[in-house]
Amino acid sequence: FSKTAEKLDVLDKTVRRVNETCVEMQKKLEMSEQKTKAFSEITESLRKRRQEKMEREKLMRSFLDQFELSDRQIETLYRTPVYQGGGKEFFEALDVVKKIQNDCQRLLSTQYQKIGQDVLESISTHEKKALGRLFEWTKTRMYASFTSSKPIVDPYLERAVKTLCSFQSYRNLCTLF
């Protein structure tokens with residue numbers, strides 16, 4: 001009977017060790033699960049923040065694109081000849097300048113007043129340069145028309161005079177034409 005009791009005692013100790021090992025393993029699994037869950041939550045939170053920032057950046061880019069001239073438009077205002085095919089592009093770019101100015105005027109009455117002021121200042125520089133070029137071109141074309149035996153028919157010339165007359169600073173100069 002003592003051998004059986006001894007074997008039962010060994011078996012009992014083995015079962016307790018297995019049980020203790022199982023309990024330890026269960027604790028380790030639970031800790032791993034908690035760490036994994038926390039890591040997953042952090043990862044998800046970071047992913048959401050990244051997505052929000054990307055969306056915010058996209059919105060900001062879209063917002064700013066409304067208030068910026070493209071490189072091509074700036075090039076057109078500064079260098080493209082007003083005559084021939086360049087006239088259409090020139091006046092389209094000038095129309096964009098006017099639209100941006102109108103949009104900025106609306107910004108001045110919002111929380112984005114500083115942005116509106118900054119954009120207006122920047123866009124005014126482009127407008128002044130373009131109007132100066134337009135005035136010089138118009139003056140040259142008008143004098144050429146006066147000295148020519150045939151009148152110069154140029155739809156861009158008519159639009160140039162109308163555009164310049166819409167600005168007080170050029171209106172008086174235009175009456176000299």
Side-chain angles (χ1 to χ4, degrees), residues 1-82 85-134 159 163-164 166-170:
F1 215 41
S2 69
K3 277 190 159 198
T4 306
E6 208 177 279
K7 285 184 180 182
L8 282 175
D9 194 34
V10 169
L11 184 61
D12 187 46
K13 286 179 183 177
T14 304
V15 168
R16 267 190 259 137
R17 270 189 274 150
V18 167
N19 191 30
E20 288 171 2
T21 303
C22 284
V23 168
E24 267 185 58
M25 292 300 286
Q26 183 65 34
K27 286 179 183 178
K28 286 182 181 181
L29 283 173
E30 287 172 1
M31 282 181 41
S32 292
E33 184 178 336
Q34 287 174 352
K35 287 180 182 178
T36 302
K37 184 177 179 185
F39 180 75
S40 294
E41 288 172 356
I42 291 170
T43 302
E44 182 63 21
S45 171
L46 290 173
R47 188 193 61 75
K48 283 181 182 179
R49 284 186 17 208
R50 180 176 179 252
Q51 184 66 30
E52 288 170 359
K53 285 184 179 189
M54 287 172 60
E55 288 175 18
R56 195 175 312 129
E57 181 182 337
K58 184 179 174 184
L59 284 172
M60 289 300 293
R61 177 58 26 219
S62 173
F63 176 79
L64 290 176
D65 285 348
Q66 287 180 302
F67 298 98
E68 290 182 336
L69 292 171
S70 69
D71 291 342
R72 177 74 181 129
Q73 290 166 327
I74 292 171
E75 177 71 22
T76 298
L77 291 174
Y78 280 57
R79 291 182 188 80
T80 300
V82 179
K88 181 180 181 213
E89 288 181 26
F90 181 86
F91 286 109
E92 285 174 354
L94 210 52
D95 288 343
V96 172
V97 167
K98 195 66 168 167
K99 181 192 175 304
I100 291 171
Q101 287 175 328
N102 290 337
D103 291 346
C104 284
Q105 289 298 328
R106 285 193 296 267
L107 275 181
L108 293 178
S109 62
T110 69
Q111 65 190 19
Y112 302 108
Q113 188 176 40
K114 175 72 172 127
I115 293 171
Q117 290 171 339
D118 291 345
V119 172
L120 272 175
E121 185 179 313
S122 171
I123 207 74
S124 292
T125 303
H126 299 309
E127 181 185 52
K128 286 176 188 173
K129 176 74 174 171
L131 291 175
R133 284 189 63 236
L134 185 62
R159 177 136 186 225
T163 299
L164 290 169
S166 69
F167 292 90
Q168 181 64 39
S169 56
Y170 287 101

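From a predicted model like this one, the values you see are computed outputs, not experimental measurements.
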Exercise for the section: Verify the neighbour count for atom CG of D65: are there more than 12 heavy atoms of other residues, nucleotides or ligands below 6.0 Å? Expected result: yes

Of all heavy-atom pairs between [X] and [Y], which one has the smallest distance, and what is that distance?
| X | Y | result |
| --- | --- | --- |
| Q117 | L108 | CG-CD2, 3.6 Å |
| E121 | T125 | O-OG1, 3.2 Å |
| Q73 | V96 | NE2-CG2, 3.4 Å |
| I123 | V97 | CG1-CG1, 3.9 Å |
| C104 | F67 | SG-CD2, 3.6 Å |

Practice task
Assess the side chains of Q34 and E30: does a donor N or O sit below 3.5 Å from an acceptor N or O?
Solution key: no

Practice task
Would you please say whether a donor-acceptor pair under 3.5 Å links the side chains of Q101 and Q105?
Solution key: no

Practice task
Let me see the working for E68 and R61 under salt bridge (charged side-chain N to carboxylate O under 4.0 Å, His left out), right down to the final yes or no.
Solution key: CA-CA 10 Å; E68 290 182 336; R61 177 58 26 219; 3.4 Å; yes

Exercise for the section: Applying side chain to side chain contact (heavy atoms under 4.5 Å, CB included), run through V23 and E20 and close with a yes or a no. Expected result: CA-CA 5 Å; V23 168; E20 288 171 2; 5.7 Å; no

Completion exercise
Of T163, V82, D95, the one forming a side-chain contact (heavy atoms from CB on, under 4.5 Å) with F90 is V82

Problem - Residue among E57, K53, Q51 satisfying side-chain contact (heavy atoms from CB on, under 4.5 Å) with E55 - result: Q51

Handout entry: Counterpart residues, side chain to side chain contact (heavy atoms under 4.5 Å, CB included), relative to I74 (two or more places apart)
Key = L69, Y78, H126

Handout entry: Partners passing side chain to side chain contact (heavy atoms under 4.5 Å, CB included) against R79 (at least two apart in sequence or in another chain)
Key = E75

Exercise for the section: Indicate yes or no: does E52 engage R47 in a salt bridge with an N to O separation below 4.0 Å. Expected result: no

Nearest 0.5 angstrom please: [X] [atom1] to [Y] [atom2], how far?
| X | Y | atom1 | atom2 | value |
| --- | --- | --- | --- | --- |
| L77 | R133 | CG | CZ | 8.0 Å |
| S122 | L120 | OG | CG | 9.5 Å |
| S32 | K37 | OG | NZ | 14.5 Å |

Handout entry: Set of ring pair (Phe, Tyr, Trp, His ring centres under 6.0 Å) partners for F167, sequence neighbours left out
Key = none

